[in-house]
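What's counted below: heavy atoms across the whole structure, side chains too, no hydrogens, waters or symmetry copies. Numbers here are sequence positions counted from 1.
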Amino acid sequence: MNKDKRQVRRVDGRRLVSALVTALLIGAVLLCLTVAVQVKKEGYASLGGYSFFRVVTGSMEPQIHVGAMLISQETDIEDLKIGDIICFSSLSPDMYGRCITHRVIGISEGADGAVRLLTKGDDNAVADAYYVTEDNLIGKAVWWSEGEHFVSSLHAFFSDKVRFLACVAFPCLAIAGLILRNCVRNVKRDIAIAMKKIPKEPSPDSPETGARGQGEIRDSEYQEMCARIRAELLEELKQEYDREQSNE
């Protein structure tokens, strides 16, 4: 009895670990897909109002170094002030859509009364040619590393399309493998349980066979029925197994 309980606990433990690994892999795939869609649509990734960037130019030296990891937070344009460092999508024709991190050096209102920001890189000689408005503002820089950071190196690694797709494909293949393995294991277990429950045909030397003439065992009609049920059940289990294999 204790041995059976230990086996049950061992099986339950393996199932729990398998379920946790599958859940983590699914979460990783969903996160990767979310980031991929955002990067494709917006040019950057944003989670919970925070966006993540890797600084690739020295326009903000010496405040922010090349290779630094930077985090910006979504902020209303009315809450920004002169001296704040912000991230925005460039409107300049030669850099249109690229994410820029510069400092606010002026605040004014446009003809429509909307707030607009004049920006400039600390290491640049002149201010940016285009104002930042609410439409192309990403957020206010709230943290950046002192220099090259482990996270920024990962960011650079995943910025490559081939590497990123490989990191998405691997979890997907791993999840598919786990699901297929669990399905095959469950089918095999169900077949084994069903086989144990199917009545076996008595051998010629069994006590049941010797007592057939005394009316203490099943008659020939009942045995034929059992054999037929057994064959039908085996055929049904085989078909179910084939369907599981074809679906995978």
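- For Asn124, the side-chain hydrogen bond (donor to acceptor under 3.5 Å, both in side chains) criterion is met by no residue, not counting sequence neighbours.
- With sequence neighbours excluded, no residue satisfies salt bridge (charged side-chain N to carboxylate O under 4.0 Å, His left out) with Lys120.
- When the side-chain hydrogen bond (donor to acceptor under 3.5 Å, both in side chains) test is applied to Glu61, the partners found at least two apart in sequence or on another chain are His65.
- Residue Arg54 holds its CZ atom at 14.0 Å from SG of Cys99, rounded to the nearest 0.5 Å.
- Annotation: side-chain contact (heavy atoms from CB on, under 4.5 Å) contacts of Ile100 (sequence neighbours excluded): Phe88, Ser90, Met95, His102.
- Note on residues 128-140: pairs passing salt bridge (Lys or Arg N to Asp or Glu O under 4.0 Å), not counting sequence neighbours, are Asp84-Lys140.
- From Ile85, atom CD1 reaches atom CE of Met60 across 4.0 Å, with rounding to the nearest 0.5 Å.
- Note on Ile138: it does not cluster hydrophobically with Tyr131, by side-chain heavy-atom contacts below 4.5 Å among ILVMFWY residues.
- Proximity of Ile107 to Leu118: side-chain heavy atoms (C-beta onward) are nowhere separated by under 4.5 Å.
- Within the hydrophobic cluster formed by Ile, Leu, Val, Met, Phe, Trp and Tyr side chains joined at under 4.5 Å, directly or through other members, Tyr130 is accompanied by Leu91, Tyr96.
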For residues 68-77, please give each side-chain donor-acceptor pair under 3.5 Å, one per line with the distance, not counting sequence neighbours.
residue : atom : partner : partner atom : Å
Gln73   : NE2  : Tyr50   : OH           : 3.3
Thr75   : OG1  : Gln73   : O            : 3.0

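- Summarising the geometry, atom CD1 belonging to Ile86 is positioned 5.5 Å from atom CG belonging to Leu137; distances are rounded to the nearest 0.5 Å.
- Applying the salt bridge (Lys or Arg N to Asp or Glu O under 4.0 Å) rule to pairs touching residues 86-95 yields nothing, sequence neighbours excluded.
- Contact annotation: the side chain of Thr119 never approaches that of Ile105 to less than 4.5 Å [non-hydrogen atoms, C-beta and beyond].
- Here the shortest heavy-atom pairing between Thr57 and Val55 reads O-CG1, 3.2 Å.
- For residues 103-116, the set of pairs meeting the side-chain hydrogen bond (donor to acceptor under 3.5 Å, both in side chains) definition, not counting sequence neighbours, comprises Arg103-Asp122, Ser108-Arg116.
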